[in-house]
Structures are given as structure tokens and as C-alpha cells.
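Reminder, nothing fancy here: chain letters follow the sequence lines and each chain counts from 1.
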Number of protein chains: 2
Amino acid sequence: MTVRELLTEMKDTSEVIIDLAYASLMYNSSTMAEKVRGLEDDMDDLKFATRYKVLLSSRTREDARQLSGILEVASAADRISDAASDIVSLLRFPPEKRPFITEMLSEADEKIRMIKISSDSSMVGNTIGRLQIEASTGCKIIAIKNRRGWTYDPEDEMKLRANDVIIVRGTDDGADLLVEYAAGRKEWEFEEIVPDDVIEDEAEEDLQNEEELSEEIRGEGDEE
Amino acid sequence: MTVRELLTEMKDTSEVIIDLAYASLMYNSSTMAEKVRGLEDDMDDLKFATRYKVLLSSRTREDARQLSGILEVASAADRISDAASDIVSLLRFPPEKRPFITEMLSEADEKIRMIKISSDSSMVGNTIGRLQIEASTGCKIIAIKNRRGWTYDPEDEMKLRANDVIIVRGTDDGADLLVEYAAGRKEWEFEEIVPDDVIEDEAEEDLQNEEELSEEIRGEGDEE
């Protein structure tokens, strides 16, 4: 992996590991907690790999400046995952001794919910990527349990089957919507597939707009 | 605030502060970085307030056990916000000395995007809550710039106006969808408003299902 890939992996992991940590407390799951500890170990490996690559490529004073920034981001991501590890350590208390966790999670902006996919659901047989679950409901799938057991932070290619159980993180509105789809009470609305070249053109235009916007914001917005 | 409220506030802040920290680097914004530092100070205050309340209410050995758990979660949330503070410290480098940040953020699972609301957009004149932006597109609004300046982590009651600029965090698919709505190329689909009692009934049923599910998962799932 390149340094850039290592850093991206660390950022993604630092986000999913916190969600998983809270989910493990919410559902009192020691297998999820195990996964959190595994991810924390992975983060340490990623941090060492990043350090090693960074030190190897530091030649000049100029390099050193830029590379020290990379180490700072890597260490921030690592500290976030350490915090996740502290959170799961609360599993040593039985659930009735940590009611504050359930209360906190049920009042936070982003909720954690467990949802079963009914055999009547139009989601069945489709991949997470095809459904665009996060874009359509705002719910990010933290974990899936199917016949093969648990998968954490599943890939877009994973297919949903009847009776799969998913653990998601999202707003109340989003999770309520997803429950309707998962129960088969509401038909999934698939995005029409637009030819790729149209998307490319619009995306390019939007990116250009975004650059101009960002210049504009930097110029005036940042002075107030 | 009760201990529970303090803890919920700390959790929510620990999430938004990381998004804001990355956004400040992405858009080279010192005002956003200022806000991150302000939130970090708020977190310290919240942590001290939590400690104080916890110490006041600890009477028995039993109390002490449960309350030490609360302090652990509070300290995890605080450490996450410290990491955010480290991330914004990279603003001391000019953008061309930290290209790895933009690369990392453009390849991460969750992207940060800046989007302008066109006067043609059907979002104009509606509140964030009415639009259910996160549930409909998976994009969480990190910040809004309107005539009054910047608002960070805006409330659901905030109304969107033509020419407002929003900074969001979401997947590529979700942000692409939001761009379509914001540009007025796609009409916003408002959820029909369902009478409250129907929602209550279904919600209660779903919660019951979730509890059974969670028992089931605990029983069999956790043994594998």
C-alpha cells in the first residue's frame, strides 16, 4: 500500500470502529467487541507501516515538513481507535450496570438500530451497492449477520438475503424508512441507471463549480 | 444538564468535531478550525461537569462501579475531540504542503463536499428537518453558510435559502443525488406526512421486534 492508501484505510477504520464499539455495548455482543479489538490491532499495524514508509521517503527538509503532517493524521486516527477500545472495555460490566449507555445511544443524533430483512422485502437478492442504502436512507450498515455469521463494515458487493439481520447507524427518520423497506411494507425505489458519460459530464461540471465555490468561500467567507 | 444529557452531548460533539476538522483542512478554512477549537473547549467543560456530577452522586460501592463507566465514556469522547484538534493543527502548513489530506479525503468511504443551493432548487424555503436531508440522501450537513455567516452542525429548524452553501459528509452516491436536488435538476420528494398514531403503533411494534431480535442474536449469534 502507498502512504496515501494507508492513510485512507486508517481514516475509514477510525470511523467504523467507533460505531462498532457503541453497537457492541448496545447489543451486549462480545463478538463485536472482539472485532473492535481486532481492528484496533490492525490500526497499530497501519500506523507502523505508515511510519516506516514515511521515514524511508524523508530525504529533505521539505519532505520532512510534509511527512510530519502525515504522521499527525495517522496518530489522530490511531487515538480515535484507542478510544473505541476503551468504550468496549465497558462490556466487563453486565448490561444492567451500564444503563447510561443505552440511554445515551437512544438520545444521540445518530442512532444504532438492528433490523431484520423480511422475505417480503424488495431489498432481498440485491447488493448493498446496487441498493445504495446509505444514499437512500442515510443508514450506514455497520454489520450484517447471515447464515455465514457476522460481517463487519460489509463491502458494496455483499448481497442481502431474507432473514439477514443488519445493524445500522443513522437518524431516526432514516432508520424508520429502512424498517419499512426491510419489512416489505414499502417497495425499494431503485435509481434509474443513467449512462456513464452523462454522469461523468455532470460530475466534472459540478467539481468545477465546487472549486469556484471553495475559492469564493475562502476569499470572503473566511474573513468574518 | 443531567449526567445522561451531558454524556449524549459529548457523544454528538465527538462525532461532528471530527467531520469539521477534516472539512477545515479540505477547504483551508481557519474559521472552521476556530470552531473546532471552540468545540474542543466545550468538550473539556462537559467533561469537568460530568466528573463533578458523577463524584457528587457516588455514595456506595455499587454507585462507584457504574459511575466509573460513565467517566470512561466521557474520557473516550474527549480523546476523540483532542484528535480533531490535532487534525486542524495541520492548517499551519499551506495547502500545497499537505496534498495527502485532499487525496485521503477524496478516497475515503465518506466524502466531504461543498454544494450551493440554486434558486431553482425545490429545497429552498424548507427546513433541514422537513427535508430529512440525511434520511433522503445519506448526507449529513456539517456547516451552512448563508447571509448571516457560518453555522456549524445546524439544527433541524434551520431553513435553506437560495444561494446558501452547505458542506456535507456522505457517500459519493448520496452527494451526487443531493447535487441534483440542490441544482434544481431533480425535484425534492417530500415524504407524505403519516398521522402520528399510525407511526407510534408501527414504531412500538418495530421496537418489540428489535428487542426479540436482539435476544435472538445474543443467544445464538454471540456464541460462534
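- The two residues B:Ala83 and A:Ile80 come nearest to each other via the heavy atoms CB-CG1, 3.9 Å.
- To the nearest 0.5 Å, the span separating CG on B:Leu7 from CD1 on A:Ile101 amounts to 6.5 Å.
- Judged purely by atom type and a 3.5 angstrom limit, B:Asp12 has no side-chain atom pairing as donor or acceptor with the backbone of A:Ala108.
- Neither the backbone nor the side chain of B:Ile133 comes within contact range of chain A; no heavy atom of the residue lies under 4.5 Å from a heavy atom of that chain.
- B:Ala135 approaches A:Leu177 most closely through the heavy-atom pair O-CD2, 4.0 Å.
- A:Asp173 CG to B:Ser136 OG: the interatomic distance, rounded to the nearest 0.5 Å, is 8.0 Å.
- Taken from CG in A:Asp109 to NZ in B:Lys140, the straight-line distance is 5.0 Å, to the nearest 0.5 Å.
- Residue contact with chain A, scored on non-hydrogen atoms closer than 4.5 Å, involves the side chain of B:Ser68 exclusively.
- Taking OG1 of A:Thr171 as the reference point, atom CD of B:Gln132 lies at 7.5 Å (rounded to 0.5 Å).
- Looking at A:Glu9, neither its backbone nor its side chain comes within 4.5 Å of chain B, counting heavy atoms on both sides.
- Remark: A:Glu72 pairs with B:Ser89, B:Arg92 by the side chain to side chain donor-acceptor pair (under 3.5 Å) rule, at least two apart or across chains.
- Of the atoms belonging to B:Leu178, not a single heavy atom falls under 4.5 Å from chain A.
- Residues satisfying the side chain to side chain contact (heavy atoms under 4.5 Å, CB included) test with A:Asp172, not counting sequence neighbours, are A:Lys111, A:Arg113.
- Between chain A and the options B:Asp86, B:Ile70, B:Leu90, the largest number of non-hydrogen pairs under 4.5 Å is found for B:Ile70.
- With a 4.5 Å cut-off on non-hydrogen atoms, A:Arg65 touches chain B through its backbone and its side chain both.
- Checked for salt-bridge contact, A:Glu107 and B:Lys11 miss the test: no charged N lies under 4.0 Å from a carboxylate O.
- Your options are B:Pro99, B:Ser75, B:Ala77, B:Ala84, and the one with the most heavy-atom pairs under 4.5 Å with chain A is B:Pro99.
- Of all heavy-atom pairs spanning B:Lys97 and A:Glu62, the tightest one is NZ-OE2, 2.7 Å.
- Here the OG1 atom belonging to A:Thr8 is positioned 8.5 Å from the CG atom belonging to B:Leu105, to the nearest 0.5 angstrom.
- Heavy atoms closer than 4.5 Å to chain B are found nowhere in A:Ile167, neither backbone nor side chain.
- The two atoms that bring A:Ala76 and B:Ile87 nearest to each other are CB-CG1, 3.7 Å, heavy atoms only.
- Other residues, nucleotides and ligands contribute more than 12 heavy atoms inside 6.0 Å of the CD atom of A:Glu96.
- For the options B:Met114, B:Met10, B:Glu103, heavy-atom pairs under 4.5 Å to chain A are most numerous at B:Met114.
- You'll find the side chain of B:Glu15 reaches within 4.5 Å of the side chain of A:Glu110, heavy atoms only.
- With chain B as partner, the option from A:Gly174, A:Gly170, A:Gly138 having the largest number of non-hydrogen pairs under 4.5 angstrom is A:Gly138.
- Using a 4.5 Å heavy-atom threshold, the side chains of B:Met104 and A:Val73 count as touching.
- With a 4.5 angstrom heavy-atom cutoff, A:Glu34 does not touch chain B via any of its atoms.
- With contacts defined as side-chain heavy-atom distances shorter than 4.5 Å, the pair A:Leu67/B:Phe100 does not qualify.
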